[in-house]
Amino acid sequence: MTPSPDAAVPAGVATLFEQGRVTNTAGRPAEAERLLRRALEHLETGRPVPDVEDQEPFPALGEAPAGALEAWVRVCLSLSTSVVERHGPTAARPLVEQALAAAETVPAAGVRRALGALVRSQLAVLHARAGRPRDALAELDVAAEQLDALGPREQFPILLTRGYLRLDVPDTDGAAADFATAAELAAANGLVRQEFMARHNQALALFNAGDLPRALSLMLAADELPTDISRAPAWHGRGLLLLEAGLLVEAVELLERSTEAALADGQEMQAGESLIDLAQGQLVLDDPVAAMATAERAARALTRAGAPALRRRAELVRLTARLRSGAAPGRVAARGARLAEQFDRDGDHVAADLARLFAAEALTRLGRHTEAVDLLARSADLARVGSLGTRMRTRAVLARAARAEEDLREARRHVRAALRDLSTALTGSASLDLRSVTVQHARDLARLDLELAGDGAAARLAAIERWNDVSSRTPAVRPPADPGLARQVAQLRSLGQEVRDEPDRAGELRDRIRALERRIAAASWASSADATHGPRRAVALPLVRAELEHRGATAVCFAEVDGRLGAAVVTGRRTRWVDLGPAGDVHELVRRLTADLEARVRVGSGPMVEVVQASLTASARALDDRVLAPLRVEGRLVVVPVPALAAVAWGTLPSRSGRPTTVAPSLGSWVRGAREVTSPRAVALAGPGLPSALEETGGVSSVWGAPPPADLAVSQDLSAGLAGADVVHVAAHGSHRSDSPLFSSLWLQDGPAFLADLERADRSASHVVVSACEAGRVQARGGAATLGLASGLLSLGVGSVVASPCRVPDATAADVMPRYHRALADGLEVDEALAAAASASDLPLAGAFVAWGSPWSVASP
């Protein structure tokens, strides 16, 4: 029963209303519903609320105090928000329709207009939560006509909701403008919770516009705002961004936290939406069984929440998991197409487009390319809108269809467009980690480009080089200094030192270390590249050939095609292609060699040394016979590996022992980074725990006429060396982090110096030698991308790096390294000097060091 237009607001209702709104915003809908139903009951009976006092009168929309009817409408609207979260939009709709009818009977015209705008805004929310974005936008257009009748607190949700819906249309620029206006409105009026929501959604709009670093930066800034708002939606949004970026493990972890937080707050719909994206993450991590279970869990949560349209999104993910688990593509394609029709009927055209893309991919597997293209023709232009992953998937479907029609020109056009798109995305980030994972979106297209190249060796080489070179052509940008981040890195280093000094405290400190790593990694991902830095220049293949001819070298570019490993063998005069057999066999040989190298270090000179050395010799010979012998390469070699071969200690293979070998991300990067330095400035740094470190660094220093280190180095010495010297030599323990390569480190006197540390350091050094263990190890990050200390230094702009992908005995490093630097100072190039130094040593694993990057040498005076 609605109150009389002349009735006053009963005492206590204003307080209940405010408490209900705050509790709703904080993400506790059950508590909010209880408070607001109590307020509604007292408005309808006209009785004061016992034991509740009002500190402020009921907030009026007009100049006169609010009457009971106005208050009743507004309590209904807030209550409907609680009901949506707990029971879904269908259950909330009667409340809002009653509010609309009541609002039209309010006598004051100004208040009537304001209430009308609020009700239309809430109707838009219901349409949106039901998956009908266009109906929702239509309601908001009506509401926006009355915006001037509202105060800042009431204007805010209209702007916020309209921005959110524009994301779905999609109208990215319009959405970003609405969110920015809403955020400024909230900030100007001290509405901190609202500002948090607006900043978060503004980040989503920037992400949709392709600016991932700025989006992550804005989300981190929003997280710093002092508010007790539920973090479940914010963590969901950030998890979604990380998922799209390819930071899968981190995304899944954040989406799990979002789900737990939503369930703890009773937000069934939020939990269901987080679970949908969690299942997506599990799919990309190649765990379809877990994804299917999570998608079913999401569907149950969304059924309880009364959100059938969103439940269908969960069904779409479940279908994808079924396809990955071996379900017949024809059946899942048909079901995907039916889901698209249902989404269209709901007005959720974004979900409909994604369902059609999924169905088109399933049809492509069956070779039904015409049907696939027809399906995509009914969608928005997904090759140009949406996330980078969506754009890449769409290009792959269209390119395969064009190839099936024997229109190779059109197929290549799609592949080249995708390559340009990827290059632009990579150029926007200054984060090593983010750039390395972004490449994985292009895996399918890189394979397709190679297929389109046909059997011609030169065409295959060009295809391999295009995709390998794109990430190394991004600018080596240094992110801006961040004192807060520097403090966090220092704290992380200090905690690492504490764990090293007191291993028993590792469990106690684990959570603090993990939390710091999360914050540091998040700040890294949010680092934008300077817009003034375009990609570095591409290197034409004729120039590559000229450089190979000039240096008397042969290049070998590996690639995997249809489960087989092949290689383009390139000299100054010709290119040939060699098939090397099943890739899986090579992966196993690499694994065996890696294990034998580790075992050789462990046994030292003990009684098992002969057995282990024999095994190592056999595994090195087997890999050599499989991947190098068929190539018939004798002299100087430049290797462009696939990720599985990226961390091979090439000098331990019989055919490369004592022969110059360089490993480069691409042929273009090998040419681009070549340096000849006159009178190089050198610095040698020693870390703790290596008995021969000071002897080694003393020998290195004497070669270059530099003073030997008087003490063990700290992290600041490393930064200073990278900023002020041409050659930096570090003799220290190293640690590779396969779970998070950004935290791979060198151990110095004050603790670990992380790769994340070096990202913001000034850099002038063009040659870095790291005789630490494992500094040359890398972690595959999808596609051609890998990341580790050595590859990270190359990406930061250091042209040439020497490091070992395995542990090396201290005595071996102390023996080889001074010889290496002497050969370098005598004018040999890096690969020649390393080969000469290794072959002059009879100590174990002398050949384990690898020359990475580009030619580097000392110019004759």
Side-chain angles (χ1 to χ4, degrees), residues 399-400 403 406 408-409 411-412 415-416 419 439 442-472 538-549 551-590 622-646 648 650 653 655-656 659 661-671 783-784 786:
R400 289 190 185 284
R403 186 181 65 166
E406 299 184 353
L408 297 186
R409 184 176 178 179
R412 290 185 182 117
V415 170
R416 301 290 197 284
L419 186 65
V439 177
R443 278 183 298 185
D444 194 32
L445 283 153
R447 282 195 293 268
L448 179 57
D449 197 7
L450 195 53
E451 291 168 19
L452 290 168
D455 295 332
R460 286 186 170 186
L461 169 66
I464 296 169
E465 178 66 8
R466 270 193 289 275
W467 297 90
N468 282 343
D469 198 44
V470 70
S471 56
S472 62
V539 178
L541 282 172
L543 184 54
V544 171
R545 290 186 188 283
E547 282 297 312
L548 290 171
E549 181 83 7
R551 296 179 191 281
T554 300
V556 173
C557 299
F558 290 98
E560 291 187 11
V561 189
D562 294 333
R564 298 183 70 82
L565 184 70
V569 183
V570 193
T571 66
R573 299 183 178 178
R574 65 187 287 255
T575 301
R576 54 193 168 87
W577 181 263
V578 181
D579 179 77
L580 297 167
D585 293 353
V586 175
H587 296 173
E588 176 58 23
L589 290 173
V590 171
L623 184 62
D624 203 349
D625 288 347
R626 175 55 68 91
V627 301
L628 291 183
L631 306 179
R632 304 189 308 279
V633 176
E634 295 290 336
R636 198 174 200 173
L637 178 65
V638 179
V639 176
V640 179
V642 291
L645 294 172
V648 168
W650 296 94
L653 305 190
S655 72
R656 299 312 307 165
R659 293 179 174 174
T661 308
T662 301
V663 178
S666 69
L667 293 180
S669 69
W670 177 71
V671 172
T786 57

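Residues: numbered from 1 along the sequence shown. Because only heavy atoms are used, hydrogens play no part in the values below, and waters and symmetry mates are left out as well, while side chains stay in. Just so you know, these numbers come straight off a predicted model, no measurement behind them.
- Side-chain contact between L637 and T662 is absent, with no heavy atoms from C-beta onward closer than 4.5 Å.
- Not counting sequence neighbours, the partners of A446 by the side chain to side chain contact (heavy atoms under 4.5 Å, CB included) test are W467.
- Under 3.5 Å, the side chains of D469 and S666 contain a donor-acceptor pair of N or O atoms.
- Every pair passing side-chain hydrogen bond (donor to acceptor under 3.5 Å, both in side chains) that includes a residue from residues 565-575 is listed here, sequence neighbours excluded: R545-T575.
- Not counting sequence neighbours, the partners of A459 by the side chain to side chain contact (heavy atoms under 4.5 Å, CB included) test are A453.
- In this view, R636 and R551, A553, P660, E829, D831, E832 satisfy the side chain to side chain contact (heavy atoms under 4.5 Å, CB included) rule, not counting sequence neighbours.
- The two residues A411 and A399 make their nearest non-hydrogen contact at CB-O, 3.4 Å.
- Residue L631 comes nearest to V578 through the heavy atom pair CD2-CB, 3.7 Å, listed as atom of the first residue, atom of the second, then distance.
- When side chains are defined from C-beta on, W670 does not count as touching V640, because their heavy atoms never get closer than 4.5 Å.
- Under the salt bridge (charged side-chain N to carboxylate O under 4.0 Å, His left out) criterion, D455 pairs with R460, sequence neighbours left out.
- Every residue two or more places apart in sequence or in another chain that forms a side-chain hydrogen bond (donor to acceptor under 3.5 Å, both in side chains) with E588 is listed here: R591.
- Every residue meeting the side-chain hydrogen bond (donor to acceptor under 3.5 Å, both in side chains) condition with S655, not counting sequence neighbours, appears here in chain and number order: D624.
- Applying the side chain to side chain contact (heavy atoms under 4.5 Å, CB included) criterion to R626, with sequence neighbours excluded, gives P582, D585, V586, L589.
- Annotation: salt bridge (charged side-chain N to carboxylate O under 4.0 Å, His left out) contacts of R656 (sequence neighbours excluded): none.
- Of the possible donor and acceptor atoms, none in the side chain of E465 sits under 3.5 Å from a partner among the backbone N and O of L541.
- Side-chain contact check for L580 versus P630: some heavy-atom pair is nearer than 4.5 Å.
- Considering only heavy atoms from C-beta on, V639 stays 4.5 Å or farther from L645 through its side chain.
- Between L445 and L419, every side-chain heavy-atom pair lies at or beyond the 4.5 Å cut-off.
- Side-chain atoms of L667 and V539, non-hydrogen and from C-beta on, never get closer than 4.5 Å to each other.
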Sequence neighbours excluded and cut-off under 3.5 Å, please list the side-chain donor-acceptor pairs for residues 556-563, or say none.
{"residue": "E560", "atom": "OE2", "partner": "H587", "partner atom": "NE2", "Å": "2.8"}

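- Minimum heavy-atom separation, N468 to P665: CB-O, 3.5 Å.
- No side-chain heavy atom of W577 sits under 4.5 Å from any side-chain heavy atom of L461.
- Taking CG of L452 as the reference point, atom CZ of R400 lies at 8.5 Å (rounded to 0.5 Å).
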Next item on the list: Show the numbers, then the answer: is there a side-chain contact (heavy atoms from CB on, under 4.5 Å) between V415 and L448?
Entry: CA-CA 8 Å; V415 170; L448 179 57; 4.3 Å; yes
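- By the salt bridge (charged side-chain N to carboxylate O under 4.0 Å, His left out) test, R564 pairs with D579, sequence neighbours left out.
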Notebook entry, point to check: Does the side-chain contact (heavy atoms from CB on, under 4.5 Å) test come out yes or no for V642 and L565, once each step is laid out?
Noted result: CA-CA 9 Å; V642 291; L565 184 70; 4.1 Å; yes
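- Legend: residues meeting salt bridge (charged side-chain N to carboxylate O under 4.0 Å, His left out) with R416, ordered by chain and number and at least two apart, are D449.
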